[in-house]
Amino acid sequence: MKYCPNCGAACDDGEKFCHQCGTRLVRQDFGPGAGGSSASSGGSWQAGSGGTGQTESGYGGAPNGGSWQTESGYGGAPNGGSWRPAIRPRNIALCILFSILTCGIYRYYWIAKMNDDTKELVRRPEETSGGMVVLFSILTCGIYELYWLYKMGERVDEMKNRPNGNSALLFLILPLAGAFASGVLYWATNENYSGTGFACMIFVVLGIIQDTINKAAAR
């Protein structure tokens with residue numbers, strides 16, 4: 001029995017494609033000189049779509065000491081560590097809805113998860129964690145969040161393989177433009193919009209980031 005690296009569905013050893021999502025599953029055997037004859041005796045399993053390995057006891061190495069490997073160049077977990085779970089796509093509309101219904105609390109959770117997902121996708125584990133991003137944003141009354149949006153724009157361009165992209169600048173300008181629009185409406189109508197334009201532009205930017213993550217995780 002093996003598990004799909006994309007959706008986690010249990011698949012028979014003889015299956016080459018996941019019966020749930022269609023992800024290709026490739027078993028890679030090694031000879032005696034390379035650490036065993038198969039994954040079950042010290043070899044490795046290879047995920048066919050860039051996913052990550054999963055065993056019956058959770059995410060980690062292949063059965064009986066083997067390792068998981070993806071076609072995009074990931075080998076077994078370094079230094080005997082455990083492999084992190086695959087990144088799962090999120091529904092953008094639901095994330096926005098939950099953020100509104102919880103008065104912004106879910107939005108902070110969403111930001112933390114997107115930060116950690118993009119760190120994994122661009123292979124920058126040393127950068128600021130999602131929890132610290134949320135903490136700094138709260139302590140600075142949202143100022144750090146603007147800096148974070150700028151850095152996320154750089155990651156988005158990297159995930160899209162656009163070294164000369166301008167997403168960082170766009171992600172910074174959109175919220176500021178939304179705040180300016182709210183101020184203009186207040187001046188013209190004398191009605192308090194309480195940063196509605198700023199919030200709307202923030203959700204637009206977060207939606208773009210999540211859409212990029214969803215597409216990158218599906219590859």
Side-chain angles (χ1 to χ4, degrees), residues 6 50 52 72 84-219:
N6 183 47
T52 54
S72 59
R84 285 177 290 181
I87 295 172
R88 298 186 181 276
R90 295 182 180 84
N91 186 292
I92 298 172
L94 287 179
C95 288
I96 294 175
L97 177 61
F98 293 156
S99 298
I100 295 173
L101 293 178
T102 60
C103 300
I105 296 175
Y106 184 86
R107 183 175 70 89
Y108 283 122
Y109 167 78
W110 186 19
I111 286 173
K113 296 300 292 183
M114 285 195 296
N115 181 81
D116 292 341
D117 286 349
T118 54
K119 278 177 54 181
E120 184 170 346
L121 287 168
V122 300
R123 305 180 191 179
R124 302 258 181 82
E126 74 283 356
E127 293 193 356
T128 309
S129 67
M132 294 304 294
V133 169
V134 171
L135 177 61
F136 293 155
S137 298
I138 294 174
L139 292 177
T140 60
C141 300
I143 295 176
Y144 184 86
E145 187 174 341
L146 293 176
Y147 167 75
W148 176 79
L149 290 176
Y150 182 86
K151 299 299 292 183
M152 288 297 288
E154 294 179 346
R155 292 185 191 177
V156 165
D157 285 336
E158 187 172 349
M159 287 187 287
K160 291 182 177 181
N161 196 24
R162 297 190 311 189
N164 298 320
N166 57 1
S167 296
L169 186 60
L170 177 66
F171 288 1
L172 182 60
I173 290 176
L174 283 178
L176 296 177
F180 178 77
S182 294
V184 171
L185 288 174
Y186 175 76
W187 175 78
T189 64
N190 202 27
E191 295 289 340
N192 186 6
Y193 289 90
S194 301
T196 303
F198 178 81
C200 289
M201 290 299 101
I202 284 288
F203 282 130
V204 168
V205 173
L206 296 182
I208 295 173
I209 297 171
Q210 185 63 64
D211 180 66
T212 305
I213 294 172
N214 291 347
K215 291 176 179 178
R219 289 198 293 265

Would you mind reporting whether [Y] and [X] have side-chain heavy atoms less than 4.5 Å apart?
X	Y	result
Ile111	Trp148	yes
Tyr147	Leu172	no
Lys113	Arg90	yes
Leu176	Leu146	yes
Ile100	Tyr106	no
Lys215	Pro89	no

Rounded to the nearest 0.5 Å, how far does [atom2] of [Y] lie from [atom1] of [X]?
X	Y	atom1	atom2	answer
Leu149	Tyr144	CG	OH	11.0 Å
Phe98	Asn91	CZ	CG	8.5 Å
Ile87	Asp117	CD1	CG	4.5 Å
Thr118	Met159	OG1	CE	5.5 Å
Glu158	Leu121	CD	CG	10.0 Å
Ile209	Trp110	CD1	CH2	8.5 Å

Exercise: identify the closest heavy-atom pair between [X] and [Y]:
X	Y	result
Ser167	Gly153	CB-O, 3.4 Å
Gly131	Ala112	N-CB, 4.3 Å
Tyr108	Ser137	CE2-CB, 4.4 Å
Asp157	Ala168	OD2-N, 4.2 Å
Ser99	Thr102	O-OG1, 3.5 Å

Keeping the roles fixed (side chain from [X], backbone from [Y]), state whether a donor-acceptor pair exists under 3.5 Å.
X	Y	value
Asp116	Gly130	yes
Asn115	Thr128	yes
Asn166	Leu169	no

Could you pull out all residues at least two apart from Lys151 that satisfy side-chain hydrogen bond (donor to acceptor under 3.5 Å, both in side chains)?
->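 For Lys151 the side-chain hydrogen bond (donor to acceptor under 3.5 Å, both in side chains) partners, ignoring immediate neighbours, are Glu154.
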Residues forming a side-chain hydrogen bond (donor to acceptor under 3.5 Å, both in side chains) with Asn214, sequence neighbours excluded |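 So Asn214 forms a side-chain hydrogen bond (donor to acceptor under 3.5 Å, both in side chains) with Gln210.
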Report, as yes or no, whether the 6.0 Å neighbourhood of atom CZ on Phe203 holds more than 12 heavy atoms from other residues, nucleotides or ligands.
->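 For Phe203, atom CZ is crowded (more than 12 foreign heavy atoms under 6.0 Å).
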Scan for salt bridge (charged side-chain N to carboxylate O under 4.0 Å, His left out) pairs involving residues 127-145, sequence neighbours excluded, and state none if there are none.
->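 Checked against salt bridge (charged side-chain N to carboxylate O under 4.0 Å, His left out) - neighbours excluded - the pairs reaching residues 127-145 are Arg107-Glu145, Arg124-Glu127, Glu127-Arg155.
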